[in-house]
Amino acid sequence: MWNQVCGKIFTDYTMELKNREIRYFVLRNYEKLPEQNIGKDVDIIVEPKKKKEAVKLLKEVYKKNGLEYYDEAVFDQMTCTHGMGLEKKTGIHIDVIGGYLARGFELYSFDELYRHVMLYKDFYVLGELMDGVMLLVYKLFGYKKPKLKEKYREKIYEIYQKYPKDYQKELEKLTDSKFAEETVALIREKDFDRIIENNEQFSKKLTHYAYKKARFKTWGRRLRFLWQKAERSIFRYRKYRRVFAVLAPDGTGKTTFLDTLIEQLNKYYVSDSSDGKFNVYHFRPTILPNLGAVGEKAGVMEQDKDFTNPHRSKPANPISSFIRMGYYMLDYIIGWQKCVRNDVRCDRYSVFDRYSYDFIVDPKRSKIRLPMVIRKMFVALTPKPPIVFVLKAEAETIYQRKQELTREEIQRQLEVYGKLAKSGKRFHTINAEQLPEKMAEEALEIIFKKYCS
């Protein structure tokens, strides 16, 4: 979504950094900036003591350029910022990083890197040699299963070819002469798979270098990094969670709406489906398997896999229904804690296609036969998404789209969903007879108002 607005934001921001005497430089993928951006985001390294000021300044620049919404996530010394403008149909992602750290380890201080900075057009960038070294080091350091994209492999090889002696010298400083020599030999052969295989040894040497260089500061940075992880996903996950659910009778267009909404959200967050920014759960977290699968594995029954008819099975008797609801409620409670906390840790949205409210609206789908008051009691015990979208359409329209349910059943569900939608501020009704794009626009504004300042 990089456009003229994004280009102006980048130019305004780098000019403001310069005017306020905040030292900075842009990392890789800067060749076509500010007119175009060949990467998804822009990484800007700033001097650590000015990082808070730099983040605040960027937020101001977003606002001055007409972006209504702002979102950020902090990982170690990196603040991932997103500016979103629904009126301008613009999304931009800029990471502001206070120094260059990896999981709390600092191999090069900001001052050491800044010696290699050069002016490119009207903004500052890291010189090629150090850019190539850092690309190799920080794409591998500390990862159990590192990945090195083909474009990064080509870039590392290209830079090494230009500066072979200096490149090897930097690796010798970080590791030792023998390991550096072996590594550059593999770079010459473009055997990056072998380099990845040696990553455990590489990471150990880099860790040793960081501690040797500044033992107590490194311990402090590591403790801060570990605390941030715990604070985010364990102690204050409610602050960082981003959860929404979608409810509707079958045939309302729920799947199309969700697909369109997530596609639009990905655009505004400057990501794509491969980034996994949105984790979709169907009905429940599914930490516990379906009871049919459990019974089939135990050899007491054959699992019914005919999902085309949601009311294909007869409801269980009241005792079995009670056990069934208790089992699913447990999945919501335990699964929410595991899945949503993990999504928070990875800065993902948790999205539910249907939710426990379906026990109130459509108990037959789950083969539940219990009084409404008991079903409501079970649902009240499950965690609640802060945003719940309820899709609404005429019963006849829904029936024409999908004949899995009778017109009467569709109408009944619509009425119950309608009552549910009036029961709290978390519920938002969306007209499902609009185009999916219009539905998504309504939902986007609700999501951004809730989760983005």
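These numbers come from a predicted model, not from an experiment. Quick note: numbers below take in every heavy atom, side chains included, and nothing from hydrogens, waters or symmetry partners.
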> Taking atom types as modelled and ignoring hydrogens, do the side chains of Ser271 and Lys40 form a donor-acceptor contact shorter than 3.5 angstrom?
Replying inline: no
> Of all heavy-atom pairs between Ala210 and Thr218, which one has the smallest distance, and what is that distance?
Replying inline: O-OG1, 3.1 Å
> Donor-acceptor pair, Asp71 side chain versus His82 backbone, under 3.5 Å?
Replying inline: no
> Tyr269 and Tyr349: aromatic ring centres closer than 6.0 Å?
Replying inline: yes
>> What I'd like to find out is whether the side chain of Glu68 reaches to under 4.5 Å of the side chain of Glu87, using heavy atoms alone.
In response: yes
> Salt bridge between Lys402 and Asp250, side-chain N to carboxylate O under 4.0 Å?
Replying inline: no
> Between Glu53 and Lys56, does at least one N-O distance fall below 4.0 Å, as a salt bridge requires?
Replying inline: no
> So, Asp272 and Lys267, do they make that salt bridge, N to O below 4.0 Å?
Replying inline: no
>> Pairing donors with acceptors under 3.5 angstrom, does anything connect the side chains of Gln264 and Glu437?
In response: no
> Centres of the Tyr100 and Tyr138 rings: under 6.0 Å?
Replying inline: yes
> Does any N or O in the side chain of Thr382 come within less than 3.5 Å of the main-chain N or O of Val379, such that one atom is a donor and the other an acceptor?
Replying inline: yes
>> Closer than 4.0 angstrom, basic N to acidic O: yes or no for Glu16 and Arg20?
In response: yes
> For atom CD of Gln337, is the number of surrounding heavy atoms from other residues, nucleotides or ligands below 6.0 Å larger than 12?
Replying inline: yes
>> Checking the side chain of Ser321 only, and the main-chain atoms of Arg369 only, is there a donor and an acceptor separated by less than 3.5 Å?
In response: yes
>> I need the single residue from Arg365, Arg284, His282 that forms a side chain to side chain contact (heavy atoms under 4.5 Å, CB included) with Arg354. Which is it?
In response: Arg365
> Checking side chain to side chain contact (heavy atoms under 4.5 Å, CB included) for the pair Tyr399/Glu394: CA distance, chi angles, key distance, verdict?
Replying inline: CA-CA 9 Å; Tyr399 183 76; Glu394 292 297 324; over 6 Å; no
> Under 6.0 Å from the six-membered ring centre of Tyr237 and within 45° of its axis: does the NZ or CZ of Arg341 meet both?
Replying inline: yes
> Out of curiosity, Leu67 CG to Lys59 NZ, how far, rounded to the nearest 0.5 Å?
Replying inline: 12.5 Å
> Around Met15, counting heavy atoms of other residues, nucleotides and ligands shown, do more than 12 lie under 6.0 Å from its CE?
Replying inline: no
> For the side chain of Tyr13 and the backbone of Ala54, is there at least one donor-acceptor N/O pair under 3.5 Å apart?
Replying inline: yes
>> More than 12 heavy atoms of other residues, nucleotides or ligands under 6.0 Å from NZ of Lys121: yes or no?
In response: yes
> Pairs in or reaching into residues 415-425: which pass salt bridge (Lys or Arg N to Asp or Glu O under 4.0 Å), with residues at least two apart or in two chains?
Replying inline: none
> Ring centroid separation for Phe123 and Phe10, is it under 6.0 angstrom?
Replying inline: yes
> Do Phe283 and Phe359 have their ring centres less than 6.0 Å from each other?
Replying inline: yes
>> When you compare the side chains of Asn3 and Thr90, does any donor N or O come within less than 3.5 Å of an acceptor on the partner?
In response: yes
> Under 6.0 Å between ring centres, would you say that holds for Tyr120 and Tyr30?
Replying inline: yes
> Should the heavy atoms of other residues, nucleotides or ligands under 6.0 Å from NZ of Lys254 be counted, would the total exceed 12?
Replying inline: yes
>> Does Asp122 have more than 12 heavy atoms from other residues, nucleotides or ligands lying within 6.0 Å of its CG?
In response: no
> Going by an N to O cut-off under 4.0 Å, is there a salt bridge joining Lys190 and Glu154?
Replying inline: yes
> For the ring pair Phe244 and Tyr451, is the centre-to-centre distance below 6.0 Å?
Replying inline: no
>> Tell me the closest heavy-atom pair linking Pro385 and Tyr355, and the distance in Å.
In response: CD-CE2, 3.5 Å
> Does the ring centre of Tyr357 sit less than 6.0 Å away from the ring centre of Phe427?
Replying inline: yes
> Got a donor-acceptor contact below 3.5 angstrom from the Asp362 side chain to the Asp358 backbone?
Replying inline: no
>> Restricting to non-hydrogen atoms, name the atom on Cys80 and the atom on His93 that form the minimum distance, rounded to 0.1 Å.
In response: CB-NE2, 4.0 Å
> Is the backbone of Phe235 close enough, under 3.5 Å, to the side chain of Lys239 for a donor and an acceptor to pair up by distance?
Replying inline: no
>> For Cys339 versus Pro285, what's the shortest heavy-atom pair and its separation?
In response: SG-CB, 4.0 Å
> What's the spacing between Lys229 NZ and Asp76 CG if we round to 0.5 Å?
Replying inline: 10.5 Å
> Rounded to the nearest 0.5 Å, how far does CD of Glu35 lie from NZ of Lys8?
Replying inline: 14.0 Å
> Could you walk me through whether Asn317 and Ser320 pass the side chain to side chain donor-acceptor pair (under 3.5 Å) check?
Replying inline: CA-CA 5 Å; Asn317 62 56; Ser320 296; 3.2 Å; yes
>> I need the Arg241 CZ to Asp343 CG distance, nearest 0.5 Å.
In response: 12.5 Å
> Is there a donor-acceptor contact under 3.5 Å from the side chain of Lys139 to the main chain of Pro146?
Replying inline: no
> Out of curiosity, Asn199 CG to Ile195 CD1, how far, rounded to the nearest 0.5 Å?
Replying inline: 10.0 Å
>> Show, in sequence, the C-alpha distance, side-chain angles and deciding distance for Tyr268 and Phe448, and conclude whether the side chain to side chain contact (heavy atoms under 4.5 Å, CB included) test is met.
In response: CA-CA 10 Å; Tyr268 281 101; Phe448 287 161; 3.9 Å; yes
> Is Asp193 salt-bridged to Arg153, cutoff N-O under 4.0 Å?
Replying inline: yes
> Under the side chain to side chain contact (heavy atoms under 4.5 Å, CB included) criterion, do Val388 and His428 qualify, and how do the steps go?
Replying inline: CA-CA 6 Å; Val388 181; His428 304 270; over 6 Å; no
>> Salt bridge check, Lys277 against Asp347: does any charged N sit closer than 4.0 Å to a carboxylate O?
In response: yes
>> On a heavy-atom basis, which atom in Val46 and which in Phe110 lie closest, and how many Å separate them?
In response: C-CE1, 3.5 Å
> Side chains of Asp353 and Tyr281: closer than 4.5 Å at any heavy-atom pair?
Replying inline: no
> Pick from Asn431, Leu258, Leu247, Thr252: which one makes a side chain to side chain contact (heavy atoms under 4.5 Å, CB included) with Leu391?
Replying inline: Thr252
>> Check this for me: does any side-chain nitrogen of one of Glu231 and Arg224 sit under 4.0 Å from a carboxylate oxygen of the other?
In response: no
>> Applying side chain to side chain contact (heavy atoms under 4.5 Å, CB included) to Arg407 and Gln400, what does each step give before you reach the verdict?
In response: CA-CA 9 Å; Arg407 292 180 178 85; Gln400 291 302 323; 4.0 Å; yes
> How many angstroms lie between atom CD1 of Ile159 and atom CG of Leu135, to the nearest 0.5 angstrom?
Replying inline: 7.0 Å
>> Among Phe202, Phe105, Tyr108, exactly one meets ring-ring contact (aromatic ring centres under 6.0 Å, His included) together with Phe141. Which residue is that?
In response: Phe105
>> Less than 4.5 Å apart, side chain to side chain, heavy atoms only: is that true for Val26 and Leu126?
In response: no
>> Has Arg375 got a side-chain atom pairing as donor or acceptor with Ile360's backbone, closer than 3.5 angstrom?
In response: yes
> At their closest point, which heavy atom of Ile398 faces which heavy atom of Gly251, and how far apart are they?
Replying inline: CG2-C, 3.7 Å
